[in-house]
Amino acid sequence: MSITVIAEAGVNHNGSVSLAKQMVVKAKEAGADYIKFQTFQPEKLVSRFARKAAYQEAATGGQESQLEMLKNLSLSQEAFALLKEFCRETGIGFLSTPFDLESIAFLDTLDMDFWKLPSGEITNLPYLIQIARTGKPVVMSTGMCTPEDISQALWWLKKEGSTSITLLHCNTQYPTPMEDVNLHAMVTLKEQFGLPVGYSDHTQGIEVPVAAAALGAEVIEKHFTLDKAMEGPDHKASLDPEELKEMVCALRNIEKALGSGIKRPSPSERQNMESARKSIVAGCKISKGTLFSEENITVKRPGGGISPMHWFEILGKEAQRDFEADELIEIKGWTHGV
């Protein structure tokens, strides 16, 4: 199974195209498949009365409103068009999550591979309808959601034209406490809705997304930053470039380790079968014509001779030649096997 890794730049560029480009390069170097930004018009996203989320206040203080904060973190449409082209030149997929209807219309012109929907828009019906009508695949985070919220969103997405949907389990607290991750809920989503699943992570460190991959996540999304000490709401709960690289490496190893699901000896372990398994051997010197019995045969390494699973078939058979102690027992016409 191939795991799609999304390096979530979000607003960690702090409103700087130069920083955003540096993040593109670092995401590519880390081995991510996509880098994802956030596209919004601040005045269309929040009202002037909206307070910051608690984690945002903890990271940036409560002096400014959420609107004022977002104005300092936004990029222009022209900037996103430049970033899309820069991603193409760098060799990494470009994504950006829209947070208002005009941003959906704009990003649709950039021909992204799929939409990445944030948890907060699952209950935004006009938003869902406009996304669905583009006909593009959808990857949807489900933080803060009940099964009923997800069912309603899926119903509208499918009704309005979405045919490919992946659900990401998510907790929207930054950082997410380990006891609130509830990673098994990702498996429940797959069973309940019959759709591909993944995980959008806001915990500190990389162990939870790696565990999600082992549980079958097909998409992993993780925030990253150039420097955790930078000012801004999401930096402290993000990975730095080296941590991102470490996470991607771990995910690629899990990707390989998951395998086909068919239980059989692997190519690398076949060489161990003869030395680790056992065969039926002479327990003492045996003369030709003697009947094999529990007193004169035994089981020892190496494998490659008659398997001990044929023990009762060998008992009572006649020795067709002399055997020294520890010699592999041979019977004419018998196919050996470990």
Side-chain angles (χ1 to χ4, degrees), residues 2 4-46 70-122 124 126-141 153 156-157 160-168 196 198 200 218-226 234 244:
S2 177
T4 299
V5 181
I6 302 173
E8 166 69 283
V11 294
N12 281 346
H13 49 69
N14 285 0
S16 165
V17 175
S18 175
L19 284 180
K21 286 185 173 182
Q22 291 179 50
M23 297 186 79
V24 169
V25 172
K26 291 298 182 182
K28 170 64 178 177
E29 290 176 352
D33 298 297
Y34 292 90
I35 183 169
K36 187 181 80 67
F37 299 96
Q38 296 176 4
T39 302
F40 53 86
Q41 298 185 39
E43 294 83 358
K44 296 183 182 297
L45 174 56
V46 297
L70 290 176
K71 283 181 177 179
N72 294 325
L73 297 174
S74 63
L75 292 173
S76 67
Q77 292 184 353
E78 292 75 17
F80 284 113
L82 288 173
L83 286 172
K84 168 69 188 303
E85 177 60 20
F86 186 70
C87 285
R88 186 191 66 77
E89 294 170 355
T90 306
I92 188 170
F94 168 87
L95 295 172
S96 191
T97 290
F99 284 84
D100 55 75
L101 301 184
E102 289 188 20
S103 293
I104 294 173
F106 162 67
L107 288 172
D108 195 31
T109 68
L110 297 186
D111 194 29
M112 298 185 301
D113 290 343
F114 56 89
W115 293 109
K116 171 57 184 60
L117 275 56
S119 298
E121 303 301 332
I122 285 187
N124 183 348
Y127 178 102
L128 295 175
I129 290 173
Q130 187 165 333
I131 287 286
R133 287 178 177 174
T134 67
K136 290 180 180 176
V138 168
V139 175
M140 182 169 72
S141 285
W156 279 103
L157 286 170
E160 296 296 327
S162 293
T163 58
S164 175
I165 303 172
T166 299
L167 298 176
L168 301 191
S200 180
E218 297 185 30
V219 178
I220 294 291
E221 179 181 59
K222 181 74 172 180
H223 278 265
F224 87 106
T225 178
L226 295 177
D234 297 341
L244 178 64

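When reading the values below, keep in mind they use all heavy atoms of this one structure, side chains included, and skip hydrogens, waters and symmetry mates. Counting begins at 1 with the first residue of the sequence.
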| remark: Shortest non-hydrogen pair, Thr97 vs Leu107, comes out as C-CD1, 4.2 Å
| said: Rounded at 0.5 Å granularity, tell me how far OG1 in Thr39 sits from CG in Leu95. | reply: 10.5 Å
| task | For Lys26, check side chain to side chain contact (heavy atoms under 4.5 Å, CB included) against everything at least two apart and list the hits. | result | Glu29, Phe224, Leu226, Pro241
| message | Minimum heavy-atom separation for Ile35 and Cys87, please, with both atom names. | response | CG2-SG, 3.6 Å
| query | Looking at CD1 of Ile129 and CG of Asn124, how far apart are the two atoms once the value is rounded to the nearest 0.5 Å? | reply | 9.5 Å
| message | Would the distance check show the side chain of Glu218 and the main-chain N or O of Pro196 forming a donor-acceptor pair, the cut-off being under 3.5 Å? | response | no
| task | Could you name each residue pair satisfying ring pair (Phe, Tyr, Trp, His ring centres under 6.0 Å) that touches residues 92-115, not counting sequence neighbours? | result | Tyr34-Phe114
| message | I'd like to know whether Asp234 forms a side chain to side chain contact (heavy atoms under 4.5 Å, CB included) with Thr225, so could you lay out the CA-CA distance, the side-chain angles of the two residues, the decisive distance to 0.1 Å, and finally the verdict. | response | CA-CA 8 Å; Asp234 297 341; Thr225 178; over 6 Å; no
| task | Kindly state each residue pair satisfying salt bridge (Lys or Arg N to Asp or Glu O under 4.0 Å) with at least one member in residues 11-23, sequence neighbours excluded. | result | none
| query | Got a second to check how far Leu110's CG is from Arg88's CZ, nearest 0.5 Å? | reply | 13.0 Å
| message | According to side chain to side chain donor-acceptor pair (under 3.5 Å), who are the partners of Glu8, at least two apart in sequence or on a separate chain? | response | Lys36
| If you measure from CE on Met23 to CG on Asn14, what distance do you get to the nearest 0.5 Å? | 9.0 Å
| Taking only residues two or more places apart in sequence, or in another chain, which ones meet Lys136 in a salt bridge (Lys or Arg N to Asp or Glu O under 4.0 Å)? | Asp108
| Is the shortest heavy-atom distance from the side chain of Leu83 to the side chain of Leu75 under 4.5 Å? | yes
| query | Which residues satisfy the side chain to side chain donor-acceptor pair (under 3.5 Å) test with Asn72, sequence neighbours excluded? | reply | none
| By side chain to side chain contact (heavy atoms under 4.5 Å, CB included), which residues pair with Leu82, not counting sequence neighbours? | none
| note | What one should report as the nearest heavy-atom pair of Ala32 and Ala7 is CB-CB, 3.9 Å
| query | If you take all heavy atoms of Val25 and Thr90, which pair is closest and at what distance? | reply | CA-CG2, 4.4 Å
| request: Return the set of residues passing side chain to side chain contact (heavy atoms under 4.5 Å, CB included) with Ser76 (not counting sequence neighbours), or none when no residue passes. | output: Glu78, Ala79
| query | Side-chain contact, heavy-atom cut-off 4.5 Å: Trp156 with Ile131? | reply | no
| Any side-chain heavy-atom pair of Glu89 and Phe86 under 4.5 Å | yes
| request: Just jot down the side chain to side chain contact (heavy atoms under 4.5 Å, CB included) partners of Asp100, sequence neighbours excluded, or say none. | output: Phe40, Gln41, Lys44, Glu102, Ser103
| Can you name the nearest heavy-atom pair linking Asp33 to Ile92, along with the distance? | O-CG1, 3.5 Å
| side chain to side chain donor-acceptor pair (under 3.5 Å) involving Ser119 - partner list, sequence neighbours excluded | none
| message | Using side chain to side chain contact (heavy atoms under 4.5 Å, CB included), reason through Leu117 and Ile122 one step at a time and then give a plain yes or no. | response | CA-CA 8 Å; Leu117 275 56; Ile122 285 187; 5.9 Å; no
| field | From Met112 atom CE to Thr134 atom OG1, the distance as rounded to the nearest 0.5 Å | value | 8.5 Å
| note | Residue pairs meeting salt bridge (Lys or Arg N to Asp or Glu O under 4.0 Å), one or both in residues 111-121, sequence neighbours left out, come to Lys116-Glu221
| Any idea which heavy atoms bring Gln130 and Ala105 closest together, and the distance? | NE2-N, 3.6 Å
| query | Atom CG of Leu70 and atom CG of Leu45: how far apart are they, to the nearest 0.5 Å? | reply | 5.5 Å
| message | According to ring pair (Phe, Tyr, Trp, His ring centres under 6.0 Å), who are the partners of His13, at least two apart in sequence or on a separate chain? | response | none
